[in-house]
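Notes follow once the structure below has been shown.
The analysis underlying the following values was restricted to heavy atoms, covering all of them including side chains, and did not include hydrogens, waters or symmetry mates. Both ligands and their constituent atoms are indexed starting at 1 by order of listing.
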Amino acid sequence: MDERAIGVFDSGVGGLTVVKEIIEQLPNEEIIYFGDTARVPYGSKSKETVTKYSKQIIRFLLTKNIKAIIIACNTASSNSLEEVKKTFDIPIIGVVEPGAVMAYKSTKNNRIGIIGTEATIRSNSYPNAIKKYNKDIETFSLACPLFVPLAEEGWTNNDVAYLVAKKYLEPFKEKDIDTLVLGCTHYPLLKDVIQEIVGDKVSLINPAKEAAKKLKELLILKNQLRVKDNPKHRFYVSDDTTKFEQIASIALKKFIPSAQKIDIEKY
Ligand code: DGL
């Protein structure tokens with residue numbers, strides 16, 4: 001057993017969809033969350049910039065007595081996981097590999113759609129990871145950048161969200177996919193409209209579920225599960241805390257202790 005916390009980070013609020021999964025699968029674990037609300041979005045930034053941000057955040061998390069890190073952000077996982085794994089001596093789990101595992105297991109017709117930010121799609125991280133398991137799978141990738149501000153605004157299930165999703169996803173219908181990877185932390189928040197447009201026959205993949213499972217397996221393997229109950233999660237952001245706290249309370253369906261603003265550029 002190991003009472004230390006799990007560090008989780010994202011470019012903003014989206015990573016809370018990963019926190020939700022960790023809380024469900026590992027209810028005793030304590031979470032230290034960092035949301036880079038001052039520098040979001042990462043999806044339009046270069047690999048170098050995203051890697052620099054990831055390193056700063058990991059240096060910050062390492063000041064908090066943690067035993068493992070989950071990079072909840074697909075953009076950061078796609079663009080910086082390899083580099084940060086080489087740099088830091090702590091287990092680091094990204095969301096792309098877990099999402100790829102779920103997707104290849106889910107498809108029956110070997111046709112998978114992938115949606116994510118521009119930087120995630122440009123990196124080709126999901127097609128590469130999926131083809132490692134089955135090279136016969138065909139993938140169809142599409143960046144859907146407007147989904148992020150919609151989710152941040154809380155517009156996840158209204159007419160605007162529906163129209164935007166329809167415009168992006170309608171062309172997927174011709175591709176005859178049976179599986180769609182929600183390759184961005186924010187997209188699970190829009191899953192109802194996405195499902196409505198792609199239809200019930202398409203399975204939506206939320207990589208967060210498998211990432212939390214992978215974390216659980218790691219902690220069991222290393223005999224590092226936290227045994228005490230009543231964990232005290234802590235939330236940190238790089239910009240104003242008020243909006244983050246509001247969205248966090250909705251996303252996690254519970255009151256969260258107040259978030260703390262920190263100067264991430266110092267790390
Ligand atoms: N968290 C990012 C991701 O999962 C989406 C938001 C952004 O562009 O920063 O890719």
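You'll find the ring centres of Tyr42 and Tyr53 inside the 6.0 Å limit. Ring pair Tyr236/Phe34: centre-to-centre distance not below 6.0 Å. Not less than 6.0 angstrom separates the ring centroid of Phe9 from the ring centroid of Phe60.
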Check ligand 1 against the protein and report each N/O to N/O distance under 3.5 Å, formatted as atom name, atom name, distance.
from, atom 1, to, atom 2, distance (Å)
ligand 1, 1 (N), Asp10, OD1, 2.7
ligand 1, 1 (N), Ser11, OG, 3.0
ligand 1, 1 (N), Thr185, OG1, 2.8
ligand 1, 4 (O), Asn74, N, 2.9
ligand 1, 4 (O), Asn74, ND2, 3.4
ligand 1, 4 (O), Thr185, N, 2.9
ligand 1, 4 (O), Thr185, OG1, 3.1
ligand 1, 8 (O), Tyr42, N, 3.3
ligand 1, 8 (O), Gly43, N, 2.9
ligand 1, 9 (O), Ser11, OG, 2.6
ligand 1, 9 (O), Tyr42, N, 2.6
ligand 1, 10 (O), Thr75, N, 3.1
ligand 1, 10 (O), Thr75, OG1, 2.5

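There is no side-chain donor-acceptor pair under 3.5 Å between Ser203 and Thr179. Side chain to side chain, Ser54 and Thr51 fail the donor-acceptor criterion of an N or O pair below 3.5 Å.
Checking side-chain atoms of Asp10 against main-chain N and O of Gly15 turns up a donor-acceptor pair under 3.5 Å.
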